[in-house]
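To find a chain, count down the sequence lines: A is the first, B the second, and so on, and within it residues start at 1. None of these values were measured; they are calculated from a predicted model.
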There are 2 protein chains.
Amino acid sequence: MRTEDLPTVRALDLFAAMSDESFADLMQGAFFQRFPPQVMLIEEGDTADFLYVVVEGMVEMIAQGNERETTIAVMEPVSTFILAAVLRDAVYLMSARTLERSRLLMIPAESIREAMERDPAFTRAMVRELAGAFRGVIKSLKSQKLRSAVERLANWLLVAHDDQGANGTVTLGIDKRTLAALLGMTPENLSRAFGTLRGYGIEVAGREIVLSRPDDLRGLAKSNPLIDDRET
Amino acid sequence: MRTEDLPTVRALDLFAAMSDESFADLMQGAFFQRFPPQVMLIEEGDTADFLYVVVEGMVEMIAQGNERETTIAVMEPVSTFILAAVLRDAVYLMSARTLERSRLLMIPAESIREAMERDPAFTRAMVRELAGAFRGVIKSLKSQKLRSAVERLANWLLVAHDDQGANGTVTLGIDKRTLAALLGMTPENLSRAFGTLRGYGIEVAGREIVLSRPDDLRGLAKSNPLIDDRET
DNA sequence: CAGATTTCTTGATATTAATCAATGTTCTCC
DNA sequence: GGAGAACATTGATTAATATCAAGAAATCTG
């Protein structure tokens, strides 16, 4: 196993507080694996065998049902996914698919559960991580239930804008169909939502978005820190 | 403080594995309090001072925004709420309001965090609890994004039917406006959704619902264990 | 119990979002 | 560079949901 990325993993909130010994034990059975784009890593309903850490690339968390599918979240480096299923020794509630060529660290679920038995600092970090994840989903649910499609897009743009340096442009890291699914709308509707935002200073050119009048956009978006702020 | 309910609280998954000593410490600063119906217990944005345990009554978790409000969950005895905010020492993302006369155990947030430092078994129980809560919200989000209003109602009815003994009737424990908010629709739409379900053997008389042909309803609902099953 | 208040239902209409269909655009890869 | 595929946009239409308004039913209260 390539160890050059281990320090990055080790630096994650989730692993930072572990003893060296526990971390070494945890990595004992773990391994890195590369995947091409559009590979289904896990399917909802499968039993949770591994905890995944996205080290490179991008992974989409998907929910299926009613002959549809929707995107719940997009995971970027460096973050973990399907922690909750692993901890409960339960089946996955979401599927995961690579969006681009990705490198993932896979840690056997059993190792995680053992580490929790032995290392209280790790368990506490887990509590923080899960509490943060919980709050993240609550925010998504609030956004979905309280906002219209256009408002969801406007707020998403403002957050991305901030993330990318607030310099008046946003570059989409995912394609528009994925963004549409993430925001809970169809691709057609996303196009129309962008059209509506033209009146608020938004210009779209492929994956490059210009926010010429962010304050106008903010007026429409009615951002709410209890929905839009990242968990720290 | 009345101690007759402490065994019930102690029996909760969250507290069952604690040492007697930690539990005693935890209860040191805790107290029971009664509230009339329709009392706002906490408002979103407030800092998390207490962990709440619903011992009697019913509490509604609410999210606000865009001059609207929606119900995220209804908490019944015996369960805790706003655990995640307490653990992250963050502001609440949801408000809470009693639906009926309720008795709550209030545990200072600081005590919870201290107990976690000292009692690894408690921390592990916390992990399980949070992972379960996370999965619960994911299910709500899936329901909201993948299903129509009528489908959400149909599935809610089937779950309630099972909970209540699957004897062909369901009694609503909450009023219809609250149910509507929980299911992400307006009260008017809930009425119409019930109307639609008449064609599937549903008869509504106030808070009493008769499911005369559950199999028909199941046909419409297309239930999915990865959305509808309770976390165990 | 009567009156007042709240909740629920129903109908009419408006708004929002999804679907279907066609076309334009971008990307891929030989 | 060009053919083919995937992705994105646009328009027309339909479907789902919300809003507004009114009335009916249930409930609270003195």
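- B:D175 comes within contact range of the sugar-phosphate backbone alone, with a heavy-atom separation under 4.0 Å but no base atom that close.
- Using a 4.0 Å cut-off, no side-chain N or O of B:K176 falls inside it from OP1 or OP2 of D:dA26.
- For the pair A:T186 and C:dA18, the criterion of a side-chain N or O lying under 4.0 Å from OP1 or OP2 is met.
- No side-chain heavy atom of A:L130 sits under 4.5 Å from any side-chain heavy atom of B:E129.
- Residue A:A149 places its side chain closer to C:dA17 than to any other of C:dT10, D:dT17, C:dA17.
- Between the P atom of D:dA12 and the CD atom of A:E188 lies a distance of 15 Å, rounded to the nearest Å.
- Mapping B:R207 and A:N189 onto DNA chain D by nearest heavy atom places A:N189 closer to the 5' end of the strand.
- D:dC7 atom C1' lies 14 Å from atom CG of A:L99, rounded to whole Å.
- The six-membered or imidazole ring of A:F50 lies near that of A:F31, with a centre-to-centre distance under 6.0 Å.
- A salt bridge links A:E44 with B:K142; the closest basic N to acidic carboxylate O contact falls under 4.0 Å.
- A straight line from CG of B:L146 to P of C:dA18 spans 12 Å, rounded to a whole angstrom.
- Between the CZ atom of A:R152 and the P atom of C:dT16 there is a distance of 12 Å, rounded to whole Å.
- Take the nearest nucleotide of DNA chain C for A:R68 and for A:G206: the residue whose nucleotide is more 5' is A:R68.
- Nucleotide D:dT19 holds its P atom 14 Å from the CZ atom of B:R177, rounded to whole Å.
- Distance, A:K145 NZ to D:dA16 P: 20 Å, rounded to whole Å.
- In this entry the distance linking CD of B:E100 with C1' of D:dT27 reads 16 Å, nearest Å.
- Each of A:S148 and B:R192 was matched to the nucleotide of DNA chain C holding its nearest heavy atom; the match closer to the 5' end belongs to B:R192.
- For A:R147 and C:dA17, the CZ to C1' distance is 18 Å, given to the nearest whole Å.
- Aromatic rings from B:F134 and A:F134 are positioned such that their centres are separated by 6.0 Å or more.
- Taking the centre and axis of the six-membered ring of B:F32, the NZ or CZ atom of B:R103 falls inside the cone set by 45° and 6.0 Å.
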